[in-house]
> 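What follows is a structure written as structure tokens; I'll ask about it next.
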Amino acid sequence: MSFDPDTLVYNEQGLIPVIAQDAGDHAVLMMAWMNAEAVRKTLETGRVTYWSRSRQAFWVKGESSGHVQELVELRVDCDSDCLLVLVRQTGPACHTNRRSCFYTAVRDGEPVEIMAPDE
């Protein structure tokens, strides 16, 4: 039986949240959105494809930056309303040139930058 992206639970905008995690060291890299067609494209090509809410267009990770996400595995959560993509990340995942978008911690009630941009 083939997986059908239409069986996933999407929000009112037809989107599902996706967490990208490094398949090697399990670092959480970023969160973005996909629609059913982006899920299909990701599975067909092996290149992680998101839906850009600001541009209203598909966004193949690394297409312009070279910071490619190669799909290792796509996982569906228990409610089918969130995805986890395990990836091989080339270069930084964040548009700020950091390895992860999660570079700010809240410690003792204060935001603390815990990761500098890659040089």
Side-chain angles (χ1 to χ4, degrees):
M1 179 167 93
S2 294
F3 172 73
D4 182 358
D6 291 328
T7 63
L8 296 170
V9 178
Y10 299 91
N11 68 12
E12 303 79 30
Q13 292 80 39
L15 302 174
I16 189 168
V18 184
I19 301 293
Q21 182 178 39
D22 188 284
D25 67 9
H26 306 291
V28 176
L29 302 174
M30 58 179 280
M31 180 272 176
W33 298 91
M34 287 184 181
N35 60 17
E37 187 59 26
V39 175
R40 280 187 195 86
K41 288 176 181 286
T42 297
L43 292 170
E44 289 169 5
T45 66
R47 295 271 314 269
V48 181
T49 303
Y50 299 105
W51 179 256
S52 170
R53 295 177 301 164
S54 59
R55 292 180 301 224
Q56 292 292 294
F58 292 108
W59 157 42
V60 180
K61 184 68 175 163
E63 196 169 50
S64 60
S65 68
H67 302 158
V68 175
Q69 287 181 348
E70 178 188 344
L71 181 67
V72 174
E73 186 171 80
L74 184 138
R75 296 183 183 179
V76 180
D77 83 332
C78 58
D79 295 321
S80 296
D81 63 357
C82 187
L83 300 176
L84 175 69
V85 287
L86 300 177
V87 301
R88 279 188 205 90
Q89 177 71 45
T90 301
C94 186
H95 74 280
T96 65
N97 214 33
R98 290 173 174 85
R99 182 172 193 300
S100 170
C101 293
F102 298 95
Y103 60 86
T104 303
V106 178
R107 296 182 176 161
D108 296 322
E110 297 294 326
V112 178
E113 187 175 305
I114 59 172
M115 185 183 307
D118 288 352
E119 302 272 328

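Any value given below was found using the heavy atoms of this structure, including those in side chains, with hydrogens, waters and symmetry copies removed.
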> What are the two closest non-hydrogen atoms of S100 and M115, and how far apart are they?
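Heavy atoms only, the tightest pair is N-SD, 3.5 Å.
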> Do F3 and L8 come close enough that some side-chain heavy atom pair is under 4.5 Å?
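They are in side-chain contact.
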> Measure the CZ-CD distance between R47 and Q69 for me, rounded to the nearest 0.5 Å.
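CD of Q69 is found 9.5 Å from CZ of R47.
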> What are the two closest non-hydrogen atoms of P5 and Y10, and how far apart are they?
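Closest heavy-atom pair between P5 and Y10: O-OH, 2.7 Å.
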> According to a hydrophobic-cluster definition based on side-chain heavy atoms being under 4.5 Å apart (Ile, Leu, Val, Met, Phe, Trp, Tyr only), do L71 and V18 belong together?
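The answer is yes; both residues are in one hydrophobic cluster.
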> With a 3.5 Å distance limit and no angle check, can you tell me whether Q56 reaches the backbone of R53 through a side-chain donor-acceptor pair?
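Looks like yes, one N/O pair under 3.5 Å.
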> Would you please name every residue forming a side-chain hydrogen bond (donor to acceptor under 3.5 Å, both in side chains) with E113, sequence neighbours left out?
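Checked E113 against side-chain hydrogen bond (donor to acceptor under 3.5 Å, both in side chains); matches are R98.
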> Keeping the roles fixed (side chain from N97, backbone from P117), state whether a donor-acceptor pair exists under 3.5 Å.
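Side chain of N97 to backbone of P117, a donor-acceptor pair under 3.5 Å: no, none is there.
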> To the nearest 0.5 Å, tell me how far N35 CG sits from N11 CG.
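Here the interatomic distance stands at 10.5 Å.
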> Between L84 and D77, is a side chain to side chain contact (heavy atoms under 4.5 Å, CB included) present by the stated rule, with each step listed?
CA-CA 8 Å; L84 175 69; D77 83 332; over 6 Å; no
> For residues 23-34, which side-chain donor-acceptor pairs fall under 3.5 Å, sequence neighbours excluded?
residue, atom, partner, partner atom, Å
D25, OD1, A27, N, 2.9
D25, OD1, R99, NH2, 3.2
D25, OD2, R99, NH2, 2.7

> For the pair L83 and V76, evaluate side chain to side chain contact (heavy atoms under 4.5 Å, CB included) and give the outcome as yes or no after the intermediate values.
CA-CA 5 Å; L83 300 176; V76 180; 3.8 Å; yes
> Judged by atom type as modelled, is there a donor-acceptor pair below 3.5 Å linking the side chain of E37 to the main-chain atoms of R40?
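No, because the side chain of E37 does not come within donor-acceptor range (under 3.5 Å) of the backbone of R40.
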> If hydrophobic clusters are built from ILVMFWY residues whose side chains come within less than 4.5 Å, do W59 and L43 share one?
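Yes, it is one cluster - the side chains of W59 and L43 are joined through contacts under 4.5 Å.
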> Can you give me the closest heavy-atom contact between I16 and C82, atom names plus distance?
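For I16 versus C82, the nearest heavy atoms are CD1-N, 3.6 Å.
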> Linking I/L/V/M/F/W/Y whenever their side-chain heavy atoms sit closer than 4.5 Å, directly or via other members, would V72 and V48 fall into one cluster?
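No, separate clusters.
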> Kindly give the heavy-atom pair with the smallest separation between F58 and A38, and that separation in Å.
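Looking at all heavy atoms of both residues, the shortest contact is CE2-N, 3.6 Å.
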> For Q89 and H67, what are the C-alpha separation, side-chain angles and deciding distance, and is it a side chain to side chain contact (heavy atoms under 4.5 Å, CB included)?
CA-CA 7 Å; Q89 177 71 45; H67 302 158; 3.9 Å; yes
> Might you work through the side chain to side chain contact (heavy atoms under 4.5 Å, CB included) test for Y50 and L15, ending with a clear yes or no?
CA-CA 10 Å; Y50 299 105; L15 302 174; over 6 Å; no
> Without swapping roles, check the side chain of T42 against the backbone of T49 for a donor-acceptor pair under 3.5 Å.
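Yes; judged by distance alone, with no hydrogens or angles, the pair exists.
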